[in-house]
Amino acid sequence: MAFNLTRMTVYALISAIEQDLRDMVTNHMTDKSSLNESLAERASLRFMKDNELNLTDTEEIGLEDLVGYFDLGDTFQVINGNKDLFPTQLISHIKEHTKQLELLVPVRNRVMHIRPLDFEDLPCTSSLCQKLVKEAPGFWRNTTDTIQRLDAEPSFVLSLEIPSLDEITGVKHNLPLPDFDETGLIGRDEDVAKIKRLCLGGFPVISIVGEGGVGKTALALKVAYELLEDPNSPFDAVIWVSSKTSQITVNEIVEFKGAISDSLGMFNEIESELIGEGISKKESFDEIIDYLATFKIALFIDNLETILDDNIREFIGSLPNGSKIIITSRIGLGAFEYPVKLQGIEEGYASQLLRTLSKLRNIDTLATLPQKTLLKYVNRMHRNPSYIKWFVSSVQTGLAPEVVLQHSDLFLEFCMSNVYKYLSPDARTLTDAMQCAHGLKDLPELAYLTEFDALTVQKATQELMATNMMTQSSDSKGASVKTRYQLSELARAYLSKHHKPSQTIQKQIRAKQNQLNSVFERQMKQRSSNKYQKKNIKFRDKSDRVVAKMLTDALTNLNNNQYGLAYDLLDEAHRMAPDYFEVPRVFAQYYEIIGNIADAREQYELAIVLEPDAPQLHYWFGKFLLQKDDNVDDAIVQFQRAHKLDPSSFDTALSLARCYMFASSYDETEKLLDKLKEQFERSPEHLQKIYLDTEIQISYRLADDFCRDGNIKASLKHLERMKELFDALPDHFKDKYMRKKLAKAKYTFNHVQKSTDLELQSRITQFGVWLNEHAIDN
């Protein structure tokens, strides 16, 4: 098995340290009698197994034989445990560095048992070796020789051979050698912990999805090895199957011969790994399911997008309890799995990867660059780990960094071509539009640019999200969340080089964007200054312009009694922007007009849930409750909220005052009317008329209440107050509507007329003449 330079260098250094420690033991201990009994027995068993000896031969095993079978930790612990047998200087030196040597033990295990190396393994090992040699070169002759040889000839370690050791764990596996040994898996610690937690949790299928080269395979492989090492892992086997069909070199994309190309090939491969043979598709499928039901298997399927079909979905849907499937793919499955979306690594880690890899490969032109330049480079590569590695390899051939970055078509094609070829025509149309219209766009805007209906644009968007070619951003707008979309950085770079829209399409999209801007400007001009006018549509931001136009058109259709057209527009608006509070608000008006009171109330309530801090919504809902639902108490609550949110509004305060009046809370009504006197002259004429009408209504309602209580004198006083208020009205306010209101006082006046109080008769007669002259009966 071929290993990379990093693993072999760590192996060479640790082997040298081990040999030096063993030499220290054999140079100062004369026999095995001073060894810990448990250690002596363990080393003896290993020696006998290797040399095919019987238990009776233990007496023939000498100290030197046993020391060769010590673990790394055993060597320095034997020295620490037998201080009287070793020189004081050596004891002091080993004791001082015991903690650092202990940290070397897990590194040694990762190297010798072929586990993924961590980022710090090589630098930490190298640093400790340098320190030991510098402080006590006489104790570390092998280590000194190894360091000197590495300086003179670093590649000599590739001729070494790492011995095949027994597995640390009895869990069966077929995991491949990690391909990230050179640097370790940088920047993915949180992702590893999360996916491992999911594997040990209740989710049967976990998918790691992301763009090509983002590190899905490396992450999955790291998790697989973590499961292998975890003593609490419930799995009987960890199995790896890859359907990867190609790999990228500096100059070309190389196709693998004999790669798995369909689901049958994958089933045969899984069965071969699990059971040892491959048969027909149906038998293979059933055999695998039975095996996964009998044993707890962690099955990793790498690069699933190349063989994604109905057979795969059926297989994953049939997974028995206990076993897990972990998938890496550029395309999500949909409803089957718990998806973990992988993005590029953080820029700090990305620059660390670039610098470390450059140092390991002795590319000084990159390794010595300022941090600011490295950050600029990695961001241009979208912090994609494979992109960074390909970039370093390309620069290693002698190309200038800028030349590589400007001619990265090959890498982009490798990452994205397998995804783009699966896109539907609608999804491809959407990518054309988004290339021409930069920035975040919501669904209504995308529908407008592509001329798709709501369902079509939603499907195309979901498709691009599933392939990780699109990213989304969500912003809170009141109690609702506005979601917008844009092409991912890598997808945009790939599309601009390989699938750029034609000049005709670019021209069409620019024209549509100009139309959108014109629509917005026109809508803003048409808006009334009074925000409590129902025809006004409130914008959350400029991107609402498409749906706002649909709502405006729906209101126009409602006014023209074209209810079918209005409903179609509202239904489409709801599909495109279910989170936009103006949609249910206008829908409520629609239901209100056609007489569907229950649905109208439901839509008003939904609008308020989406935007609880809009006073207009509470105001209109209060109006509805008062006029259509005859629910004064609930209307008061809505008007109170509207007034609290907009205390300076004449509309909300006046509506609340009238509601108090209908609830016979006359003191509250008059308090509000007194506060509104300052604004009266500045208010629109129709609100002035309502204000004056409210004053008149309070008078005859109070007159009626006093009359019922038998207080005729007080009743007549309020009737006369009503007369004064009416007489003071501007002439154009004394219309049929107001005169009909006066007629409501006739019932009360008929009772007042029956009064026998002589002092009141003259006033009663005068009021009666006035009332008959001005009141109009229905």
Side-chain angles (χ1 to χ4, degrees), residues 179-180 185-188 191 207-221 242-256 259 261 301-308 327-332 339-347 349-350 353-354 357 377-395 399 401 403-423 427-428 430-432 434-435 463-471 486-500:
D179 65 355
F180 49 85
L185 191 61
I186 295 176
R188 295 297 190 197
D191 297 308
S207 66
I208 306 171
V209 292
E211 299 167 333
V214 79
K216 303 182 294 296
T217 299
L219 177 59
L221 192 54
S242 178
S243 59
K244 187 173 290 188
T245 59
S246 63
Q247 70 177 19
I248 188 170
T249 67
V250 171
N251 299 313
E252 62 180 337
I253 297 173
V254 180
E255 300 292 333
F256 294 148
S261 58
I301 305 176
D302 187 35
N303 275 68
L304 186 67
E305 76 273 359
T306 59
I307 54 170
L308 193 56
I327 294 161
T328 74
S329 179
R330 300 179 190 184
I331 303 172
V340 177
K341 287 203 170 186
L342 206 60
Q343 307 291 338
I345 55 179
E346 294 179 9
E347 66 175 10
Y349 288 124
L353 173 61
L354 176 51
L357 198 55
Y377 280 165
V378 297
N379 280 309
R380 286 174 67 182
M381 291 183 278
H382 319 299
R383 303 170 306 283
N384 183 297
S386 293
Y387 201 162
I388 294 169
K389 291 178 181 180
W390 178 80
F391 168 76
V392 172
S393 296
S394 299
V395 174
L399 294 173
V403 171
V404 177
L405 289 172
Q406 291 184 30
H407 297 84
S408 55
D409 304 32
L410 183 68
F411 182 81
L412 295 173
E413 183 178 357
F414 173 73
C415 288
M416 305 301 300
S417 58
N418 275 349
V419 172
Y420 187 82
K421 68 183 181 182
Y422 289 116
L423 293 182
R428 293 187 181 191
L430 188 54
T431 64
D432 286 345
M434 297 187 79
Q435 285 186 77
E463 189 176 344
L464 291 177
M465 287 294 294
T467 59
N468 297 286
M469 293 185 73
M470 181 184 280
T471 62
Q486 64 181 353
L487 291 173
S488 69
E489 295 174 343
L490 201 64
R492 182 176 290 282
Y494 165 74
L495 291 168
S496 68
K497 290 182 179 294
H498 296 279
H499 300 283
K500 196 170 186 176

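Separating the NZ atom in K216 from the CG atom in L342 is a distance of 7.5 Å, to the nearest 0.5 Å. Taking CG of L495 as the reference point, atom CD of Q435 lies at 4.5 Å (rounded to 0.5 Å). For the atom pair D191 CG and I208 CD1, the distance stands at 8.5 Å (nearest 0.5 Å). Residue S207 holds its OG atom at 9.5 Å from NZ of K341, rounded to the nearest 0.5 Å. To the nearest 0.5 Å, the span separating CG on L423 from OG1 on T431 amounts to 7.0 Å. Summarising the geometry, atom CE belonging to M469 is positioned 7.0 Å from atom OH belonging to Y494; distances are rounded to the nearest 0.5 Å.
A donor-acceptor pair under 3.5 Å links the side-chain atoms of R428 to the main chain of Y420, judged by distance alone. In this structure, R380 contributes its side chain and Q406 its backbone to no donor-acceptor pair below 3.5 Å. A distance-only check finds no donor-acceptor pair linking the side chain of E489 to the backbone of N379 [under 3.5 Å]. Judged by distance alone, with hydrogens and angles left aside, the side-chain atoms of R492 form a donor-acceptor pair with the main-chain N or O of M434 at under 3.5 Å. Panel note: side chain S488, backbone M470; no donor-acceptor pair is recorded below 3.5 Å.
The shortest side-chain heavy-atom distance between N303 and T328 falls under the 4.5 Å cut-off. Between V404 and W390 the shortest side-chain heavy-atom distance falls below 4.5 Å. Here the side chains of P385 and Y349 are not in contact, with every heavy-atom distance at 4.5 Å or above.
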Evaluate the side chain to side chain contact (heavy atoms under 4.5 Å, CB included) criterion for residues K389 and V392: first the C-alpha distance (whole Å), next the side-chain angles of each, then the deciding distance (0.1 Å), finally the verdict. CA-CA 5 Å; K389 291 178 181 180; V392 172; 5.8 Å; no

One pair to check against side chain to side chain contact (heavy atoms under 4.5 Å, CB included): S408 and K497. What are the steps and the verdict? CA-CA 9 Å; S408 55; K497 290 182 179 294; 4.2 Å; yes

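Around the NZ atom of K500, the shell of radius 6.0 Å holds no more than 12 heavy atoms that belong to other residues, nucleotides or ligands. Residue-environment remark: NE2 (H498) exceeds the threshold of 12 foreign heavy atoms within 6.0 Å.
Considering all non-hydrogen atoms of both residues, L490 and C415 come closest at CD2-CB, 4.0 Å. In terms of heavy atoms, P401 sits closest to Y377 at CB-OH, 3.5 Å.
A tilted orientation is assigned to the rings of H382 and Y387, their planes being inclined by 30° to 60°.
Q343 meets the side-chain hydrogen bond (donor to acceptor under 3.5 Å, both in side chains) test with no other residue; sequence neighbours excluded.
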